[in-house]
Amino acid sequence: MTKKVENILSDFKKSRVVEMEGLLSFFSATEQREVNLFGEDVKILFWGLDVIENEIIFSVEFEEIYGYQVDEIEGDMLGEELFHSDSKDSQKSIIESYYKKEKIDVTYKIVKKDGQTAWVRTKGRPVFDSNGELKRYNGFTMDVTAPKIAAIEQAEAAMKYKTLVENNAQAVYISQPDGLKYVNERMADMTGYSDRELLGMNSLQLLDPESREIALKRVEHVLKGQDNDCQEVTMVRKDGSRIIAELRSALITYQNAPAMMGTLLDVTQKKKDEDLINSLAFFDTLTGLPNRHQFYEELNVFAETCGESNTSFALLFIGLDRFKSINDTYGHRAGDLVVKEAGKKIRGLLPESACVARYGDDEFVGIVPFSVKDEIELLVKQIIDLIPHTLPLEINMTPTVGISYFPEHTQDTDDLVRFADIAMYRSTRNKNRKQNYLVYDESFTSNLMKTNKLINDFQKALDEEQFHLVYQPKIDLQTLKPMGVETLIRWEHPEFGNIPPLEFIPLAEKSGKIVEIGNWVLKHSMEKIKAISPDLMLNVNVSVHQLLQDGFAEEVSSMLRDNSFNPGKLNLEITESVALYDVKNTLKVLHDLVGKGIKLSLDDFGTGYSSLSYLTKLPVHYLKIDRSFINGLEDDVSNRTLTKSILEVAHNLDLKVIAEGIETETQCEILKDWSCEIGQGYYFSKPLSLKDLKVFLKIPVK
C-alpha cells in the first residue's frame, strides 16, 4: 500500500531543513511518486520512509543522482549495490541510526548505474506518533560530489604542500617584525637551533654583519615591489661556525598581517667545489702559483695597463737547470719538493706588484714592473744566487733566466714570452757562460730558427748520408805505435755547412734522435774498421740515452755478429753522466756488455758529477783523462798533481788510462814516465778520413 506524497512532504516541511545524505539500505522499493519541488536542475532527492506501511517514496531526482529508475531497485539491491565498497561503514552507521531511531547524517560514496562513483550526503529525521512510536523517517539525499572532491583535493594539496615544506632540502621560514613565526625542520638543522629557539628570534641574528645589510636591503626592495634574485648570505650557526646560503624571499600575508617568507639553501659545499674547480683551472696545485692559463690573463692585463700608462715591465723566464737529472736520480717526489720550494722563494724575492706563475714542469715566469733596468738585473742575480742554497735535500740546482722587456722588445704578449724563453734557452746552451741569465737579442731568434731546422733535419741527414765519420788514432805511449782509433761523427749540412758535434749532439739528445744516430755510428764504424785492420781497437762514444734503450746490449751483439767483428776489439766510451741516471739499470746494461766481451771506457773523467767511488761500481776497463787536465801539464802544478793522482788510483784499480788532448812532446813524455798506457791528440794526429787513416797506418790504399 502506498502513502500519498502530499502527506510525506507535509511531514518533511514540519521538520527542520538540514543538508544530509539518504538512507537507502535494506528497504523495499515502492512505487515512484512525483516529488519535484525545486526543478530538475537541483540534485536533491527527497524521500520518505513509512515504517508502519514499510514503504519508501522518492522524488524524481532519484534517477538523476543514482542513474536508476525507482522500479529498477528491488530487494537488497537498494542497500548493497548502491553503496561503494569504501562506504560500508557509512552503510552500517545508517542502519544503526535507524534501529536506534536517531537522526541520520552521513556522507558517503555511491556507485551509479553506469559504474561511475559519486559522493552524497544523506540526512534523515525520525517522526514519532503520540505514543512515542516511530512511524516514519523524512529526509533528503544531496549530490555533494563537486564540493567533496574539491575538499579532498584541497586536503591533498595542503598535505603535499606541508610535506614539501617540511621535507624540503631548503630551509623555509616566515618572519614578521616581532620575529620568526614559522620554520621547517631543515631550518633547524641548518642553523643548529631548535624549533623553539628559532620561533620568536629575529632572523637577522642568524646572519653575519655584512649579510644583515644584504637582508635589510632585500626587504626594502621587496616592499617596493622590486624583483630580487637569489643572493648569497653568510649564516652564523649556534656553535659559531659559518655557512653560505642562497636566500630567496617574497612578501606574503600570514595570520592577516604582512610577512616575509623565505628559503635558504646551504651552498657551502658548492662554493668549496667551485673554489676548487677555479683553483684547478687557474692555479698550479703543487706550488699554489697561477698556472699558465692564468699567467696569460695577467700578462694581457699588464700589457694593456702599461701600454695606456706608457710604462714598462720585464718578463722573466726562469728554468731550473738539470731538473730532469734530479727526477731521475732522486725520484719525482724530490723533484716536486724542489719545484715547490723554488716557486716559494721566487715569489718571495719578487715585489708584491709582480706576478709569478708556474709555466711548465721546471719553468717559472715573472711579470715585474720596473723604473730602471738595473732593478731587474739585480733581482735576477738574487734569484740565481739564492735558489741553489735554499733547495731541499741539499740539491744544488742553479736557475737560468731569460729576460725580455715590454715594450722595448715587443708589445705582443706571445712574442714577449717567446723572446724570454729563447734568451733562457740561449743562456742554458752557453757552456762558457759567466752568468746564468741573458737579455733577449734579435740575433737569438735567427739562431733558434737554425736550431729548430737542425732538429727537423736529423732524419733527412740519416737518409741522405749527410753524416760521415772521421777517426782519431790512439797511440800506445810505451811503443808509440797505433793501437786503435776513436770514431767521431761529422755533419755536412747542405745549407749551414759543417756543423760541429758540440752543436748538434746535444740537439740530437734533446730530440731523441741520438739513439738512431748512435746506432748508425756503431754499425758503420764496425764495417769500415773491420775492412782496414781487425787488430785495431775501435772506440765509439755512446750516449746515456743510447745505453739505456731497451735491448741495447743485444743490438750491439747483433751488429758484431753481422760484421764478424771481434767483441774484444770494441771499446764503448761512456761519460760520467751515467752516474746521474738509474744506476741499477745502467749497471745491468754495462755488465751485459762486458759479459759479451766488449770493453768499456769512462770518458772525460774529472769533469762530471761522479766521484772516485763510482770507479769501484762501474765495470770499466779504461779511464780516460779529460784534455783539460793534460793542457798545461808542463807548467801547471795543480794539473800535474791531479793527473798523477788519477793515474795512481786507476792503476790501483787495475784500470788502464787513456790521456786525450796530447799536443806536445813534453806532455807525451810526462805521461809516459807516469806509466800512462794510451794517448791521443794532435801531437800524434788530428781526426782523419778513412783514406788518410790508411796512410797514417801505412796500409796500402787500394
Side-chain angles (χ1 to χ4, degrees), residues 321-322 325 329 388 394-398 430-434 472-480 483-484 486 488 501-502 505 537 539 541-544 571-581 583 586 590 599-687:
D321 202 9
R322 292 179 49 234
S325 66
T329 305
E394 298 183 354
I395 293 172
N396 192 344
M397 179 187 294
T398 304
N430 182 7
K431 299 301 181 182
N432 299 317
R433 61 188 174 183
K434 294 182 180 180
Q472 187 168 32
K474 288 182 180 290
I475 307 298
D476 184 328
L477 293 182
Q478 302 307 313
T479 65
L480 297 181
M483 51 78 60
E486 178 180 356
L488 302 170
L502 287 177
I505 292 297
M537 175 69 75
N539 298 264
N541 292 284
V542 176
S543 77
V544 67
N571 180 26
L572 300 181
E573 297 188 3
I574 60 175
T575 64
E576 289 184 81
S577 61
V578 296
L580 293 175
Y581 288 82
V583 177
T586 300
L590 294 179
K599 306 299 182 184
L600 298 175
S601 293
L602 188 61
D603 195 8
D604 299 335
F605 186 79
T607 62
Y609 306 106
S610 67
S611 64
L612 290 174
S613 63
Y614 277 99
L615 292 180
T616 62
K617 297 179 181 179
L618 299 176
V620 297
H621 305 87
Y622 299 93
L623 188 64
K624 194 171 184 180
I625 301 177
D626 185 68
R627 68 180 64 250
S628 61
F629 291 94
I630 307 303
N631 184 30
L633 194 62
E634 304 96 323
D635 305 318
D636 193 321
V637 177
S638 296
N639 272 3
R640 290 170 64 91
T641 302
L642 286 171
T643 303
K644 190 173 183 179
S645 297
I646 292 172
L647 277 160
E648 290 174 353
V649 171
H651 290 154
N652 288 334
L653 295 173
D654 292 328
L655 300 177
K656 292 183 178 181
V657 178
I658 304 171
E660 66 174 349
I662 299 175
E663 297 183 356
T664 67
E665 181 179 0
T666 303
Q667 293 170 357
C668 177
E669 291 300 322
I670 292 173
L671 291 166
K672 182 178 179 180
D673 290 342
W674 290 345
S675 300
C676 181
E677 287 84 1
I678 304 169
Q680 70 180 93
Y682 275 44
Y683 174 67
F684 304 110
S685 173
K686 65 180 182 180

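The model shown is predicted, which means the values in this text are computed figures rather than measured ones.
Note: L642 CG to L633 CG = 10.5 Å, rounded to the nearest 0.5 Å. To the nearest 0.5 angstrom, N639 atom CG is 10.5 Å from I625 atom CD1.
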In residues 657-667, what donor-acceptor pairs under 3.5 Å come from side-chain atoms, sequence neighbours left out?
| from | atom 1 | to | atom 2 | distance (Å) |
| --- | --- | --- | --- | --- |
| T664 | OG1 | E634 | OE2 | 2.8 |
| T664 | OG1 | Q667 | N | 3.1 |
| Q667 | OE1 | E663 | N | 2.8 |
| Q667 | OE1 | T664 | N | 3.4 |
| Q667 | NE2 | I630 | O | 3.4 |

May I have the list of side-chain donor-acceptor pairs in residues 668-675 shorter than 3.5 Å, sequence neighbours left out?
none

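For T479, the side-chain contact (heavy atoms from CB on, under 4.5 Å) partners at least two apart in sequence or on another chain are D476, K481. In terms of the side-chain contact (heavy atoms from CB on, under 4.5 Å) criterion, N631 has no residue partners (sequence neighbours excluded). Residues passing the side-chain contact (heavy atoms from CB on, under 4.5 Å) test with S685 are P473, L688, F696, sequence neighbours excluded. By the salt bridge (charged side-chain N to carboxylate O under 4.0 Å, His left out) test, E677 pairs with no residue at all, sequence neighbours left out. Among residues two or more places apart in sequence or in another chain, the side-chain hydrogen bond (donor to acceptor under 3.5 Å, both in side chains) test is passed with N571 by N539, S601.
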### Task
Decide yes or no on side-chain contact (heavy atoms from CB on, under 4.5 Å) for L602 and L655, but give the supporting numbers first.
CA-CA 10 Å; L602 188 61; L655 300 177; over 6 Å; no
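Scanning all heavy atoms of the two residues, the minimum distance from D603 to K624 falls at OD1-CD, 3.0 Å. A pairwise comparison of heavy atoms in L600 and P619 identifies CD1-O, 3.5 Å as the closest pair. Among all heavy-atom pairs drawn from G679 and L477, the shortest one is N-CG, 3.6 Å.
K644 places none of its side-chain heavy atoms less than 4.5 Å from the side chain of R640. Between L488 and N541 the shortest side-chain heavy-atom distance falls below 4.5 Å. Here the side chains of L647 and H651 are in contact, with some heavy-atom distance below 4.5 Å. Side-chain contact between E486 and K474 is present, with at least one heavy-atom pair separated by less than 4.5 Å.
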